[in-house]
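Take a look at the structure below.
Reckoned from all heavy atoms, side chains included, excluding hydrogens, waters and symmetry mates.
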Amino acid sequence: QVQLVESGGGLVQAGGSLRLSCEASGRTFSSYAMGWFRQAPGKEREFVGAIGGSGIITNYANSVKGRFTISRDTAKNTVYLQMNSLKPGDTAVYYCAVRLATIITMYPDRYDYWGQGIQVTVSS
């Protein structure tokens, strides 16, 4: 059974940093694309960023570019989202997802497995 478990969320002041982790179990995802999405109350789920199967290619939403960084540790079957210079507008539930393909995409319906989500709250 495939599971994705996010951790590292919480409450942080504006300007602060958090690092989210997403550990996968049940199978190896080292060659697959993995993405991060977020959903704020009353809003649709939106793309944050993704990393390709090679671990080299990344893509980010314009709203987080230059502040967020995605990386992966294939030995640990884990992907990370380093979030710096956080803003109140970053407040949301953050989800990781894996796509059974190597090429990244920003469309959530093209991802095959999802974590349960973790809350990130940025206070002003």
Do any side-chain atoms of residues 17-31 form donor-acceptor pairs under 3.5 angstrom with protein atoms, and if so which ones, sequence neighbours left out?
| residue | atom | partner | partner atom | Å |
| --- | --- | --- | --- | --- |
| Ser17 | OG | Asn84 | OD1 | 2.9 |
| Arg27 | NH2 | Tyr32 | OH | 3.3 |

Margin query: Under the criterion side-chain contact (heavy atoms from CB on, under 4.5 Å), I'd like the reasoning laid out for Gln116 against Leu4: C-alpha separation, chi angles, the key distance, then a yes or no.
Written below: CA-CA 7 Å; Gln116 80 287 352; Leu4 300 176; over 6 Å; no
Next item on the list: Using a 4.5 Å cut-off on heavy atoms from C-beta on, say whether the side chain of Tyr95 contacts that of Pro108.
Entry: no
Note to self: I'd like to know whether CG of Leu100 has more than 12 heavy-atom contacts from other residues, nucleotides or ligands below 6.0 angstrom.
What the structure shows: yes
Notebook entry, point to check: Okay, side chain of Thr58, backbone of Ala50: is any donor-acceptor separation there less than 3.5 Å?
Noted result: no
Notebook entry, point to check: Would Val79 and Tyr111 show up in the same hydrophobic cluster when neighbours are defined by side-chain heavy atoms closer than 4.5 Å?
Noted result: no
Next item on the list: Check each of Val48, Val64, Ile51 against Trp36 using the side-chain contact (heavy atoms from CB on, under 4.5 Å) test, and report the only one that passes.
Entry: Val48
Notebook entry, point to check: What residue pairs, at least two apart or across chains, pass salt bridge (Lys or Arg N to Asp or Glu O under 4.0 Å) with a residue in residues 81-109?
Noted result: Arg38-Asp90, Arg67-Asp90
Notebook entry, point to check: Would a hydrophobic clustering, with Ile, Leu, Val, Met, Phe, Trp and Tyr connected at side-chain separations under 4.5 Å, put Ile118 with Met83?
Noted result: yes
Next item on the list: Give the cluster check for Tyr94 versus Tyr113: same hydrophobic cluster or not, with ILVMFWY residues linked at side-chain heavy-atom distances below 4.5 Å.
Entry: yes
Margin query: Taking the ring of Phe47 and the ring of Phe37, is the distance between their centroids below 6.0 Å?
Written below: yes
Next item on the list: Please answer: with hydrophobic residues joined when any side-chain heavy atoms are less than 4.5 Å apart, are Val122 and Tyr60 in the same cluster?
Entry: yes
Item checked: Transitive ILVMFWY side-chain link Ile70 to Ile104, under 4.5 Å -> no
Next item on the list: Work out which heavy atom in Pro88 is nearest to a heavy atom in Ser124; give both atom names and the distance.
Entry: CG-CB, 3.9 Å
Checklist line | Leu11 atom CG, neighbour heavy-atom count above 12 within 6.0 Å | finding: yes
